[in-house]
Amino acid sequence: MHPLLKGRGLYVITDGPRPNLLEVVALALAGGAKLLQYRDKTTDQARRLTEARAIRALCAARKVPMIVNDDVQLAHAAGAAGVHLGEDDGDIAAARAVLGPDAIIGVSCYDSAARARQLAAAGADYLAFGAFFPSPTKPHARRASFELLRQTAALGLPRVAIGGITPDNGGSLIDAGADYLAVISAVFGDPDVRGAAAGFAQLFTSH
């Protein structure tokens, strides 16, 4: 297991672009986020690099790894801890060739235990499953079952749950085996970002 992924906790994913991005990232980190993913689907390369570097500095101050969504080159240029790869984002070996042996490479496994086994064997550092609940970010996402978390425990990698997770339903995912809860809207869409993050962090002490 990757040494930076030995804990459990909230995995926040940014919802930029937004003018107060750095401010809300700082609040989420102050609320107790354990991992952070920089996710920006725009093509503004200069702004994305500037933001990613600034967020990496905020994360470093809290000793929180910053992962970049999809973009291996941006992760490398920003000095990120790693990258998250979906099914169309290239393979693990290619990402590791760019980012090095110590990078965190997380992968989306959606609703598939077979994909999880395949990517674990290929060197993934964590396995993300979902959506577990209807997601405002991806309303048409494939739906994953709680049983999937139990089935993949034997792979020995951290399991990340994503998709429509709230403080009310997150505990059930932790009980089913999720090591991290990945959240976008329920943290960055909340008027009290720090409080929302703290609420998720609290779930891990009570489950």
Side-chain angles (χ1 to χ4, degrees), residues 1-16 18 20-40 47-85 92 95-96 98-108 123-128 156-162 165 167 170-171 173-174 177-190 192-207:
M1 185 180 295
H2 196 288
L4 297 179
L5 298 175
K6 289 186 175 178
R8 301 188 310 156
L10 171 63
Y11 183 173
V12 289
I13 301 175
T14 67
D15 63 346
R18 59 188 287 175
N20 64 340
L21 180 62
L22 297 183
E23 176 186 340
V24 294
V25 163
L27 290 169
L29 293 170
K34 297 297 186 184
L35 286 172
L36 182 139
Q37 183 183 128
Y38 176 68
R39 180 179 187 270
D40 185 314
R47 178 182 53 75
R48 292 170 74 236
L49 178 57
T50 298
E51 287 181 350
R53 284 176 169 164
I55 290 171
R56 182 186 61 79
L58 291 173
C59 288
R62 294 272 182 179
K63 295 182 170 57
V64 170
M66 184 190 87
I67 312 296
V68 170
N69 178 259
D70 294 352
D71 192 329
V72 174
Q73 297 303 325
L74 177 61
H76 183 258
V83 69
H84 181 90
L85 301 176
I92 292 170
R96 198 162 301 285
V98 174
L99 299 177
D102 298 328
I104 296 170
I105 299 181
V107 291
S108 293
D125 292 303
Y126 71 74
L127 308 169
L157 293 176
R159 286 153 294 155
V160 175
I162 192 168
I165 299 173
L173 289 165
I174 297 170
D179 299 291
Y180 293 92
L181 299 181
V183 177
I184 303 175
S185 303
V187 171
F188 290 118
D190 193 293
D192 179 6
V193 171
R194 180 172 180 166
F200 280 104
Q202 181 63 32
L203 291 177
F204 286 88
T205 64
S206 57
H207 286 266

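Keep in mind that the numbers below use all heavy atoms, side chains included, and drop hydrogens, waters and symmetry copies. What you see is a predicted model; the values in this text were computed from it and never measured. Numbers for residues simply follow the sequence, beginning at 1.
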Of all heavy-atom pairs between [X] and [Y], which one has the smallest distance, and what is that distance?
| X | Y | result |
| --- | --- | --- |
| Gly32 | Ala201 | O-CB, 4.3 Å |
| Phe204 | Ala178 | CE2-O, 4.3 Å |
| Val72 | Ala95 | CG2-CB, 3.9 Å |
| Lys6 | Met1 | CA-SD, 3.9 Å |
| Pro65 | Leu4 | CG-CB, 4.0 Å |
| Arg96 | Pro101 | NH1-O, 3.3 Å |

Side chain proximity check, [X] to [Y], heavy atoms < 4.5 angstrom:
| X | Y | result |
| --- | --- | --- |
| Arg48 | Tyr38 | yes |
| Thr14 | Glu51 | no |
| Asp192 | Arg194 | yes |
| Leu35 | Leu5 | yes |
| Val187 | Leu10 | yes |
| Asn69 | Leu74 | no |
| Arg8 | Ile174 | yes |
| Ser185 | Asp15 | no |

- Query: Listed by chain and number, what are the side chain to side chain contact (heavy atoms under 4.5 Å, CB included) partners of Asp70, not counting sequence neighbours?
  - Reply: Lys41, Asp89
- Identify whether the distance between the nearest side-chain nitrogen and carboxylate oxygen of Lys34 and Asp179 falls below 4.0 Å. no
Pairwise distance [atom1]([X]) to [atom2]([Y]) - rounded to 0.5 angstrom:
| X | Y | atom1 | atom2 | answer |
| --- | --- | --- | --- | --- |
| Ile67 | Arg39 | CD1 | CZ | 15.0 Å |
| Ile92 | Leu99 | CD1 | CG | 12.0 Å |
| Leu157 | Leu127 | CG | CG | 5.0 Å |
| Leu22 | Leu27 | CG | CG | 11.0 Å |
| His207 | Leu173 | NE2 | CG | 10.0 Å |
| Glu23 | Leu58 | CD | CG | 11.5 Å |

Using modelled atom types only, decide if a donor and an acceptor are shared between the side chain of [X] and the backbone of [Y] within a distance under 3.5 Å.
| X | Y | result |
| --- | --- | --- |
| Arg18 | Val24 | no |
| Arg159 | Gly177 | yes |
| Tyr180 | Val12 | no |
| Arg53 | Gly79 | no |
| His2 | Asp102 | yes |

- Message: Students often mix this up, so state it plainly: with edges at 30° and 60°, are the rings of Tyr126 and Tyr11 parallel, tilted or perpendicular?
- Response: perpendicular
- Residues Asp40, Arg47; criterion side-chain contact (heavy atoms from CB on, under 4.5 Å); working and verdict: CA-CA 10 Å; Asp40 185 314; Arg47 178 182 53 75; 2.8 Å; yes
- Item | Evaluation steps, side-chain contact (heavy atoms from CB on, under 4.5 Å), between Ile162 and Ile13 | CA-CA 10 Å; Ile162 192 168; Ile13 301 175; 3.6 Å; yes
